[in-house]
Amino acid sequence: MSNKYAVIMAGGVGSRFWPVSKQSFPKQFHDMLGLGKSLLQMTFTRLQAQIPANNILILTNEAYVDLVKEQLPEVLPENIVAEPAMRNTAPCILLAALKIQKMNPEASMIVAPSDHYIAEEDLFNEDLATTFAFCEQHPQALMTLGIQPTSPNTGYGYIEYNHETTAVKKVNQFREKPNLETAQQFLDAGNFLWNAGIFIWSVDAVVNAFAKAQPTMTQLFTNGMQVLNTEEEVSFLESEYPKAENISVDYAIMENSEEVYVLPARFSWNDLGTWGSLYDKLDKNEESNAIVNASVTAIASHGNMVRTAPGKKVILQGLEDYIVVDQDDVLMIIPKNAEQEIKEIRNTAMDKYGKEIG
């Protein structure tokens, strides 16, 4: 039996990718890149390279359980965990760790978001093997994979690590999303990485970290240890899960532990958080337009992000740096520099047309 497990977090709404990503069908279930697989399916396949399918848990909102079953029929039904309330990353990670610990006390696990894009999967799996090996040698280590910054991005948190010659670095501190000047200082310093929210640890280490830093939350879930991984788990979670504090795993344990380490990742990574980040990742044609699914005729039009249903014929003229998205009964055309306002645009549209388009 393998001691390696994975937890895929697939409960987010992804509202910045509206109108493709909607509350009823979020972005992790979409083929955002036009590659024939959803982001969730791509994440699952990537992890399967060294983690058995039966050892992969999917944590999702209870409204999305059927979508998970449809897209990942190879996942055991009991490994699809429905969160009855949205409570950030700490409660769901603690719950998953306790479930896995009950299955296999010797287990190590990776926690991975369901909606990130990683191109060099071979390098990802080599790096993942390195982190698993480190955790085996250092049983109380809390590991994370940090991303080499390519720009002074203000949209990510940063990880500051100690200057060391070893591949794995001791983390000095986590830093909040900075302003542009501070982000540039981080890049110039050379010992800062983007925080991608990918964690690796033994179940023993992470449960101990929660018990020390978050005793109330730990007690809440350990009260149900007898029913975890049984039919009674659902009713226990319906009753108790909403009582958990709404807090991220970074705040809950990572910033309070003396045993945090980071491996600077060698693979390229994109969190696909916005239409602009998707544009950056996609190949562009000679007019610098990034196109998903559509058949585009572009006349004096450059730098646009275009996504439609497969085969949709789109004619552009005189359009520069726009986002054009055609999804179901919604057509959105906005300047790229307005994408930070998508939530407000969505809310305005819902006020006019009703919640069914949101």
Side-chain angles (χ1 to χ4, degrees), residues 5-32 36-48 51-103 107 109-116 197-199 217 220-221 224-244 246 248-249 272 327-328 355-358:
Y5 288 72
V7 173
I8 301 176
M9 295 184 292
V13 176
S15 57
R16 288 179 293 176
F17 267 109
W18 187 82
V20 169
S21 181
K22 300 179 181 178
Q23 189 159 350
S24 59
F25 203 109
K27 72 168 180 174
Q28 61 267 27
F29 301 107
H30 286 277
D31 176 13
M32 297 301 301
K37 284 186 176 183
S38 72
L39 295 174
L40 172 63
Q41 289 170 323
M42 292 172 68
T43 302
F44 182 84
T45 300
R46 184 185 314 125
L47 293 171
Q48 252 194 307
I51 299 170
N54 288 353
N55 288 6
I56 300 178
L57 279 66
I58 314 295
L59 270 61
T60 192
N61 187 287
E62 58 186 2
Y64 307 143
V65 169
D66 288 341
L67 282 172
V68 174
K69 289 179 178 179
E70 179 184 337
Q71 294 201 356
L72 298 176
E74 56 271 73
V75 173
L76 296 173
E78 58 266 32
N79 282 359
I80 302 173
V81 184
E83 301 169 51
M86 296 183 71
R87 286 295 180 271
N88 215 313
T89 55
C92 69
I93 288 173
L94 174 57
L95 171 63
L98 290 170
K99 285 173 62 66
I100 294 170
Q101 187 180 48
K102 190 174 180 181
M103 297 176 198
M109 58 187 277
I110 174 175
V111 177
S114 60
D115 53 2
H116 293 180
I198 303 172
F199 306 102
M217 187 186 299
L220 178 70
F221 287 113
M225 281 298 288
Q226 282 191 321
V227 302
L228 294 186
N229 304 335
T230 73
E231 291 182 356
E232 286 76 38
E233 178 182 303
V234 173
S235 59
F236 169 76
L237 293 181
E238 288 285 351
S239 168
E240 302 303 307
Y241 195 91
K243 299 176 184 177
N246 189 344
S248 73
V249 72
L272 295 183
Q327 178 73 22
D328 300 328
K355 291 187 177 181
E356 67 274 5
I357 71 166

Side chain Ser235, main chain Glu232, donor-acceptor under 3.5 Å: yes

Val7 side chain reached by Ile93 side chain, heavy atoms, under 4.5 Å: no

Student check: side-chain heavy atoms of Leu94 and Leu220 closer than 4.5 Å: no

For the student: nearest non-hydrogen atoms of Leu237 and Ala82, plus distance: CD1-O, 4.2 Å

Smallest separation among heavy atoms of Pro113 and Thr43, with atom names: O-CG2, 3.6 Å

Pairs meeting criterion side chain to side chain donor-acceptor pair (under 3.5 Å) with involvement of residues 52-77, two or more places apart: Ser38-Gln71

Results of ring-ring contact (aromatic ring centres under 6.0 Å, His included) for Phe44 - residues two or more places apart only: none

Sequence neighbours excluded - side chain to side chain donor-acceptor pair (under 3.5 Å) pairs with any residue from residues 5-23: none

Any Ser114 side-chain heavy atom under 4.5 Å of Leu39 side chain: no

Spacing of CD1 belonging to Ile357 relative to CD belonging to Gln327, to within rounding of 0.5 Å: 12.0 Å

Side-chain touch Ile56/Asn79, heavy atoms, less than 4.5 angstrom: no

4.5 Å side-chain heavy-atom contact, Val68 and Phe29: yes

Rounded distance [0.5 Å steps], CG in Leu76 versus CG in Leu57: 9.0 Å

Any Gln41 side-chain heavy atom under 4.5 Å of Leu72 side chain: yes

Min side-chain heavy-atom separation Phe25-His30 under 4.5 Å: yes

Which atom of Pro84 lies closest to which atom of Glu238, heavy atoms considered: CB-OE1, 3.7 Å

Pairs involving residues 82-101, ordered by first then second residue, that meet side chain to side chain donor-acceptor pair (under 3.5 Å) (sequence neighbours left out): Glu83-Tyr241, Lys99-Asn229, Lys99-Glu233

Lys27 side chain vs Leu272 backbone, donor-acceptor pair below 3.5 Å: yes

Which residues share a ring-ring contact (aromatic ring centres under 6.0 Å, His included) with Phe17, sequence neighbours left out: Trp275

Side chains of Leu98 and Met225 in contact at under 4.5 Å (non-hydrogen atoms): yes

Nearest atoms (heavy-atom pairs only) where Leu59 meets Cys92: CD2-O, 3.0 Å

Donor-acceptor contact present, side-chain Lys243 to main-chain Met217, <3.5 Å: no

For Phe236, ring-ring contact (aromatic ring centres under 6.0 Å, His included) partners two or more places apart: none

Euclidean distance, Leu228 CG relative to Ile100 CD1, rounded to 0.5 Å: 11.5 Å

Interatomic spacing from OG in Ser24 to CG in Leu67 - rounded to 0.5 Å: 8.5 Å

Interatomic distance, Met103 atom CE to Glu78 atom CD [nearest 0.5 angstrom]: 8.0 Å

Step-by-step side chain to side chain contact (heavy atoms under 4.5 Å, CB included) determination, Met9 to Val249: CA-CA 12 Å; Met9 295 184 292; Val249 72; over 6 Å; no

